[in-house]
Protein chains: 2
Amino acid sequence: MTARKENSTYTLNEKFITDCDLTYAANKIGGRWKIVILDKLGNRKLRFSELKKEFPYISERMLTLQLRALEQDELVKRTVYAAVPPRVEYELTPIALEFLPIFCQLSAWGKKNKALKENRS
Amino acid sequence: MTARKENSTYTLNEKFITDCDLTYAANKIGGRWKIVILDKLGNRKLRFSELKKEFPYISERMLTLQLRALEQDELVKRTVYAAVPPRVEYELTPIALEFLPIFCQLSAWGKKNKALKENRS
DNA sequence: GTCATTACTTACAAATTTGTTTGTACCATA
DNA sequence: TATGGTACAAACAAATTTGTAAGTAATGAC
């Protein structure tokens, strides 16, 4: 996400991992914010400031970085309206939409297993 | 995974994020290695050294750390056999098994979208 | 007694990710 | 003319993740 790397074990491992379809996909939604951003954007367009409001403590920098990365990966589409106060809207691309059912299942898993843990404590 | 944190924005964000079922689940399989380890373990028990062989450049330290974390989260079960050269086997727990169909879908997404990208370049 | 094997652990270092702060460009309105 | 809102960018700093190198314990083979 930042930029320069080399030919270290770190990079070799990264290559190995993104060769695999499973981890290739996992990497697209990895990191702290991407998956929640995609989820929020699930059914509607949102402006930068609207997205920011969804996450109380996210820094603008983080939000920008994540959105840029998602745009790069063609998971979100960014539309700029040349309006008086700037207005930018973000929405999911078709390939990102295909993630939504997977998110549902993940979410269901999370719900179920969080409940399990709580019942034991 | 290391240990000490505080009450920083970093931590607040983390709490916010693990409150959500979706990201709670995502965090269980986050990081570079967890998802591949779970996938490898999908249908069979594997010893430490067998797992290591699956990932050419993983360090023993990383493998241990990931396995410990997965054990902590009750996604893998660790069995030690008191044998002459130590023998330890890892296998998925029932709740981890429920991840496997999700992995399939992620993998399918990855395959499809990797192909899409390649056809354009 | 020395070596090899397995599954680690420890101390250390490098790389990456995440967050903080400050600042910018653009008009419109008071 | 000063101020305010939006969507960022840049420089810097903190936190976490990942990797390197070396060592440990038990035991049987040589």
Side-chain angles (χ1 to χ4, degrees), chain A residues 1-18 23 27 29-37 45-71 76 78-90, chain B residues 1-18 23 27 29-37 45-71 76 78-90:
Chain A
M1 207 177 252
T2 26
R4 63 246 74 107
K5 289 172 184 179
E6 333 119 57
N7 203 275
S8 57
T9 301
Y10 187 92
T11 309
L12 293 175
N13 277 330
E14 189 171 69
K15 275 180 197 143
F16 171 74
I17 273 184
T18 48
T23 43
N27 274 314
I29 56 171
R32 177 168 278 191
W33 297 107
K34 286 184 190 166
I35 202 172
V36 251
I37 293 176
K45 292 182 179 186
L46 287 175
R47 301 180 59 179
F48 186 87
S49 53
E50 289 170 327
L51 270 172
K52 200 164 131 50
K53 266 178 234 146
E54 297 282 347
F55 314 114
Y57 301 116
I58 196 172
S59 61
E60 301 198 334
R61 169 174 155 64
M62 263 304 109
L63 186 52
T64 316
L65 281 176
Q66 302 305 309
L67 286 169
R68 288 285 178 276
L70 290 170
E71 204 189 339
V76 311
R78 180 169 177 267
T79 315
V80 182
Y81 297 91
V84 186
R87 173 188 181 81
V88 181
E89 281 186 347
Y90 294 91
Chain B
M1 209 176 254
T2 26
R4 64 244 75 106
K5 289 172 183 177
E6 333 119 57
N7 203 275
S8 57
T9 301
Y10 187 94
T11 309
L12 292 175
N13 277 329
E14 189 171 68
K15 275 180 195 142
F16 171 74
I17 272 184
T18 49
T23 43
N27 274 314
I29 55 171
R32 176 168 279 191
W33 297 108
K34 285 185 191 166
I35 203 172
V36 252
I37 293 175
K45 293 184 178 184
L46 286 175
R47 300 179 59 179
F48 186 86
S49 54
E50 290 170 327
L51 269 173
K52 202 165 128 48
K53 268 178 232 146
E54 296 282 348
F55 313 115
Y57 300 116
I58 197 174
S59 62
E60 302 197 333
R61 171 174 153 64
M62 262 305 108
L63 187 52
T64 317
L65 281 176
Q66 302 307 309
L67 287 170
R68 289 282 180 280
L70 291 169
E71 203 190 341
V76 311
R78 180 169 176 268
T79 315
V80 182
Y81 298 92
V84 185
R87 173 187 180 80
V88 182
E89 282 188 347
Y90 294 91

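A, B, ... follow the sequence lines: proteins, then strands. Residue 1 opens every chain.
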Can you check whether A:Arg32 has a side-chain N or O nearer than 4.0 Å to OP1 or OP2 of D:dT16? no
Taking the minimum atom-to-atom distance to the side chain of A:Arg47, which one of D:dG19, D:dA7, C:dT5 wins? D:dA7
Are B:Phe55 and B:Val36 side-chain neighbours, meaning at least one heavy-atom pair lies under 4.5 Å? yes
Using the ring of A:Tyr10 (Phe, Tyr or Trp, six-membered ring only), decide whether B:Arg32 places NZ or CZ under 6.0 Å from its centre and within 45 degrees of its axis. yes
For B:Lys52 and B:Glu50, what are the C-alpha separation, side-chain angles and deciding distance, and is it a salt bridge (charged side-chain N to carboxylate O under 4.0 Å, His left out)? CA-CA 5 Å; B:Lys52 202 165 128 48; B:Glu50 290 170 327; over 6 Å; no
Would you please confirm or rule out a distance under 4.0 Å between OP1 or OP2 of D:dT20 and any side-chain N or O of A:Thr9? yes
Would you indicate which nucleotide in D:dT18, C:dA7, C:dG19 comes nearest to any side-chain atom of B:Pro86? C:dA7
Close side-chain approach of B:Thr79 and B:Tyr90, heavy atoms under 4.5 Å: no
According to a strict under-4.0 Å criterion, is B:Asn13 in side-chain N/O contact with OP1 or OP2 of C:dT18? no
Of the nucleotides D:dC8, C:dT6, C:dA15, which one has an atom closest to the side chain of A:Tyr10? C:dA15
At what distance, to the nearest 0.5 angstrom, does CD of A:Gln66 lie from CD1 of A:Ile35? 12.0 Å
Base, sugar-phosphate alone, or nothing: which one does B:Tyr90 contact when heavy atoms must sit under 4.0 Å apart? sugar-phosphate
Could you work out which one of C:dA7, D:dA7, D:dG19 sits closest to the side chain of B:Arg78? C:dA7
Which ones in residues 55-64 of chain A lie close to DNA chain C, meaning a heavy atom under 4.0 Å from one of its atoms? A:Ser59, A:Arg61, A:Met62
